[in-house]
Amino acid sequence: MNPTIFQLDEQLTIQAHQRIPYCAAINLQIGTDSLNKRLYSLPFARQNIGNIFLPALHGGLIGGFLQSCISLYLMEQQNLQESVQIIDYSTDYLLSGKPVDSYAQCEIMHAGKRISHVTATMWQAQSDKPIAFARAHLQMPAIAN
């Protein structure tokens, strides 16, 4: 498996940092992969370590990263100007996050007028070896009549 190729989109990254301050705090980056699909990156930073003995990324950081990716992806794909509200969210932690760069891609399973369902998969060295998987139901912004 080839290493993940990430092409940064500075404009989208700046917009995400302005829209969701947590994205700036963790330095979430938005770009595309080699197939021009939306790709999110979490560059490694020492402060992201939760278990210094392994070392491993903090589980809350992984969950927050994936939750942010899901919200940003839905807003972009549905061309929403307002933020979406999470109704429920869950993360499956599959492997320890190593002290290296991490990536995520999202998929909209259902986009309705009121509720949408989006998933996100996170990996590090190989996209076919995910370290975490998340799913969320989100409330769409009200549409003015």
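In what follows, residues are counted from 1 in the order of the sequence shown.
The closest side-chain heavy-atom distance from Ile5 to Leu39 is not below 4.5 Å. At a threshold of 4.5 Å between non-hydrogen side-chain atoms, the residues Tyr93 and Ile131 do not count as touching. Side-chain contact between Met140 and Gln85 is absent, with no heavy atoms from C-beta onward closer than 4.5 Å. Looking at Phe133 and Leu66, their side chains never come closer than 4.5 Å, going by heavy atoms from C-beta outward. A 4.5 Å side-chain heavy-atom check between Arg19 and Gln15 finds every atom pair outside the cut-off.
Proximity of a side-chain donor or acceptor of His17 to a complementary backbone N or O of Leu28 within less than 3.5 Å is detected. One N or O on the side chain of Asp101 and one on the backbone of Phe44 form a donor-acceptor pair closer than 3.5 Å. In this structure, the side chain of Tyr40 does not engage the main chain of Cys106 through any donor-acceptor pair within 3.5 Å. Side-chain atoms of Ser41 never come within 3.5 Å of backbone atoms of Gln29 as a donor-acceptor pair (strictly under, hydrogens ignored).
Under the 4.5 Å side-chain contact rule for hydrophobic residues, Ile20 and Ile86 share a cluster. Under the 4.5 Å side-chain heavy-atom criterion for ILVMFWY residues, a single connected hydrophobic cluster contains both Tyr22 and Leu42. When the side chains of ILVMFWY residues are joined at heavy-atom separations under 4.5 Å, either directly or via intervening members, Ile52 and Val100 end up in two distinct hydrophobic clusters.
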Stepwise side chain to side chain contact (heavy atoms under 4.5 Å, CB included) check, Asn48 with His58: CA-CA 6 Å; Asn48 295 345; His58 192 283; over 6 Å; no

Intermediate values then yes/no, side chain to side chain contact (heavy atoms under 4.5 Å, CB included), Leu72 and Ile30: CA-CA 9 Å; Leu72 291 166; Ile30 303 174; 4.1 Å; yes

Determine, stepwise, if the pair Tyr103 / Ser127 fulfils side chain to side chain contact (heavy atoms under 4.5 Å, CB included). CA-CA 8 Å; Tyr103 304 94; Ser127 61; over 6 Å; no

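Summarising the geometry of Ile62 relative to Ala132, their closest heavy-atom pair is CG2-CB, 3.7 Å, with the distance given to 0.1 Å. Shortest non-hydrogen contact noted between Leu80 and Leu74 is CD1-O, 4.2 Å. Across Val84 and Pro141, no two heavy atoms sit closer than the pair CG1-CD, 4.0 Å. Considering every non-hydrogen atom in both Leu54 and Asn51, the closest pair reads N-OD1, 3.3 Å. For the residue pair Gly63 and Tyr89, the shortest heavy atom distance occurs at O-OH, 2.9 Å. Closest non-hydrogen pair, Pro99 versus Ile49, comes out as CB-CD1, 3.9 Å.
Atom-to-atom distance recorded for Leu138:CG and Ile108:CD1 is 9.5 Å, nearest 0.5 angstrom. With rounding to the nearest 0.5 Å, the separation of CD in Gln18 from OG1 in Thr13 is 11.0 Å. Here the straight-line distance linking atom NE2 of His137 with atom CZ of Arg114 works out to 15.5 Å at 0.5 Å rounding.
For Glu76, the salt bridge (charged side-chain N to carboxylate O under 4.0 Å, His left out) partners two or more places apart in sequence, or in a different chain, are Arg38. Applying the side chain to side chain donor-acceptor pair (under 3.5 Å) rule to Asp33 yields the partners Gln105; only residues at least two apart in sequence or on another chain are considered.
More than 12 heavy atoms of other residues, nucleotides or ligands lie within 6.0 Å of CD in Gln47, so this atom counts as buried by the packing criterion.
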Which donor-acceptor pairs under 3.5 Å do the side chains of residues 115-125 make with protein atoms, sequence neighbours left out?
residue	atom	partner	partner atom	Å
Ser116	OG	Gly112	N	3.4
Trp123	NE1	Thr4	OG1	2.8
Gln124	OE1	Lys98	N	2.9
Gln124	NE2	Lys98	O	2.9
Gln124	NE2	Ser102	OG	3.0

